[in-house]
A.B. asks: 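First the structure, then my questions, so here it is.
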Protein chains: 2
Amino acid sequence: MRKIPKILVVDDDPDIVEILRYNLSLAGYEVKSASNGKECIKKAKLFLPQIILLDVMMPEMDGIEACSLLQKIPSLVNTRVIFLSARNEEYTQLSAFDAGADDYISKPVKPKILLKKITSIIKRINAVNKHEDIIKLDNIIIDRNKFLIIKNDVEIYLPKKEFELLFLLASQPGNVFTRDQIMNKVWGSEIIVGDRTIDVHIRKLREKIGDLCFKTIKGVGYKFIQ
Amino acid sequence: MRKIPKILVVDDDPDIVEILRYNLSLAGYEVKSASNGKECIKKAKLFLPQIILLDVMMPEMDGIEACSLLQKIPSLVNTRVIFLSARNEEYTQLSAFDAGADDYISKPVKPKILLKKITSIIKRINAVNKHEDIIKLDNIIIDRNKFLIIKNDVEIYLPKKEFELLFLLASQPGNVFTRDQIMNKVWGSEIIVGDRTIDVHIRKLREKIGDLCFKTIKGVGYKFIQ
DNA sequence: TCATTTATTAACAATTACTTAATCTTAATG
DNA sequence: CATTAAGATTAAGTAATTGTTAATAAATGA
């Protein structure tokens, strides 16, 4: 179910890249590499790794600068940057953190410890994205395991699509979901259905759950309000 | 608005506790301390810190054991454990990570680097679920996720174009946006509409948000003022 | 299989938003 | 202080989006 974590290794020394690649691949990660900052940025955008292992001193563009640029790429907000460097001066470390580093490890790297750190980071990332299967709000409980809604102590059963739609909207009460987002999350990106399909489902929900719970934001989408 | 991050310092050496407490307090964190693993568990449950700085070797209960126990406490799932230790053997570090550590720093600790690491962790914790799409000014909040304006505690819904226009202007209060800039950002470069369209939208905003908020710079454009 | 429920579509109605055009006001300039 | 150019205002027309209903298709379950 869970995707294989992706790691981008960036170092101008091919030997180090190879050692890291070997160890990380063996541990079950998907690894790609780059040999300088510029290449790092380019590959990171395409590869969207969970973790980037970044050397400091490299030709073309150093690690610190690359890290700063990485922070500005929206699709990489969840990517962690770990510096691996032989440079051990305090000011280098400090500027690495200023540039957005998540960690700074001095070379020589001990593979076992690096792997443990990576495991620990991946664990944290996954823990965050683990979605709750029960939404409890003031007067409504939405239980995805039972496909059951309890509103004011009354049980309501909904058909699948209606349930998914409600579940999505209620997952962030007050926040607008665009029609595109709804389409993608409830129907999936492959399935294409007509424009009015969402409206009709919203209408059914309004009938069953209450008109006032669903606010239309014209030109944008819908939101669930308590 | 955001809560002050809480840190629990755990070490049996009162001097180290004091140094850390001093530095962390100065940096604006709320600090509590414990002097062994048992006390750590007890205080962590009550204090619910974001971060625990944990020594390895302590009387009563060592850091590794404490860390293992901390992992089992549901209210502390989001608490990060950073080991600070004079013991530098690889196997100690490995067992720390196995016990659920998020990081392992060797003593002597460099306060500046520790602070940077903590900042970086806190940033990550706060970054979750946050999409920086909210503009908060003195008496107006513009929330793009909710497509909602809150002015003096009153909710105001705006149509899409008006919302986008306000959002743009308020993104840099006091700065003038030219008609061209507004056109490009709100309408897009392909769409061509007449000159008076912006005026009309500004007028609607003046009606709804307040006349004084929008200053016309003749021959240039508009700016949002607080 | 058949009955029933659920999902989707199509047609049209209703609503809301956007733009324009015509007119009025204001501010700057010589 | 008259002129002019830019902006403000208003109402009305146009466009776009959403709501509703009913019919049909697809899925589900006995």
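Every value quoted in this text rests on a predicted model; they were computed, and no experiment measured them. Below, chain A is the first sequence line, B the second, and so on; all start at residue 1.
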A.B. asks: Can you confirm whether more than 12 heavy atoms, excluding those of B:Asp153, are under 6.0 Å from its CG atom?
C.D. replies: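 At most 12 heavy atoms, drawn from other residues, nucleotides or ligands, come within 6.0 Å of this atom.
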
A.B. asks: Between the axis at one end of the helix from C:dT1-D:dA30 to C:dG30-D:dC1 and the axis at the other (five pairs apiece), what's the angle to 10 degrees?
C.D. replies: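 Inter-axis angle at the ends, rounded: 30°.
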
A.B. asks: Separation of A:Asp180 atom CG from D:dT18 atom P, in whole Å?
C.D. replies: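 Between P of D:dT18 and CG of A:Asp180: 11 Å.
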
A.B. asks: Can you pull out the residues from residues 200-222 of chain B that lie within a 4.0 Å heavy-atom distance of DNA chain D?
C.D. replies: B:Val200, B:Arg203, B:Arg206, B:Thr216, B:Lys218, B:Gly219, B:Tyr222

A.B. asks: Could you state the CD-P distance from A:Glu162 to D:dT28, rounded to the nearest angstrom?
C.D. replies: 15 Å

A.B. asks: Please identify which of these residues, A:Lys208, A:His201, A:Lys204, meets the side chain to side chain donor-acceptor pair (under 3.5 Å) condition with A:Glu162.
C.D. replies: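 Running side chain to side chain donor-acceptor pair (under 3.5 Å) over A:Lys208, A:His201, A:Lys204 with A:Glu162 returns exactly one hit, A:Lys208.
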
A.B. asks: Roughly how many Å is it from CG in B:Leu158 to P in C:dA17, rounded to a whole number?
C.D. replies: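 Distance, rounded to whole Å: 10 Å.
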
A.B. asks: Are A:Phe147 and A:Phe163, when compared by the centres of their aromatic rings, separated by less than 6.0 Å?
C.D. replies: yes

A.B. asks: Ion pair present between B:Lys6 and B:Glu30, side-chain N to carboxylate O less than 4.0 angstrom?
C.D. replies: no

A.B. asks: Tell me the interatomic distance from A:Lys160, atom NZ, to C:dA7, atom P, rounded to whole angstroms.
C.D. replies: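 For the pair A:Lys160 NZ and C:dA7 P, the rounded distance is 8 Å.
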
A.B. asks: Counting heavy atoms from C-beta on, name the nucleotide in C:dC18, C:dA7, C:dT9 closest to the side chain of A:Lys161.
C.D. replies: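 Of the options given, the side chain of A:Lys161 lies nearest C:dA7.
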
A.B. asks: Are A:Arg144 and A:Glu164 close enough for a salt bridge, meaning some N to O gap below 4.0 Å?
C.D. replies: yes

A.B. asks: Using whole Å, report how far CZ of A:Arg196 lies from P of D:dT20.
C.D. replies: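 It works out to 12 Å between those atoms.
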
A.B. asks: Salt bridge check, A:Arg21 against A:Glu18: does any charged N sit closer than 4.0 Å to a carboxylate O?
C.D. replies: yes

A.B. asks: Give a yes or no on whether the ring-centroid distance for A:Tyr222 and A:Phe177 is below 6.0 angstrom.
C.D. replies: no

A.B. asks: Measure from CG on A:Leu166 to P on C:dA7 and round the result to the nearest Å.
C.D. replies: 13 Å

A.B. asks: Side chain of B:Pro159: nearest nucleotide among C:dC18, C:dT19, C:dA7?
C.D. replies: C:dC18

A.B. asks: What is the distance, to the nearest angstrom, from the CG atom on A:Asp195 to the C1' atom on C:dA7?
C.D. replies: 16 Å

A.B. asks: Would one find a side-chain N or O of B:Arg179 under 4.0 angstrom from OP1 or OP2 of D:dG7?
C.D. replies: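 Yes, such a contact exists.
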
A.B. asks: Do NZ/NE/NH1/NH2 and the carboxylate oxygens of A:Arg80 and A:Asp103 come within less than 4.0 Å?
C.D. replies: no

A.B. asks: Starting at atom CG of B:Leu165, determine the distance to atom P of C:dC18, rounded to an integer number of angstrom.
C.D. replies: 11 Å

A.B. asks: Does C:dT8 have OP1 or OP2 sitting under 4.0 Å from an N or O in the side chain of A:Trp187?
C.D. replies: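 Answer is yes, contact under 4.0 Å.
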
A.B. asks: Between A:Thr197 and A:Arg179, do the side chains contain an N or O donor and an N or O acceptor separated by less than 3.5 Å?
C.D. replies: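 On atom types as modelled, these side chains do not qualify, holding no pair under 3.5 Å.
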
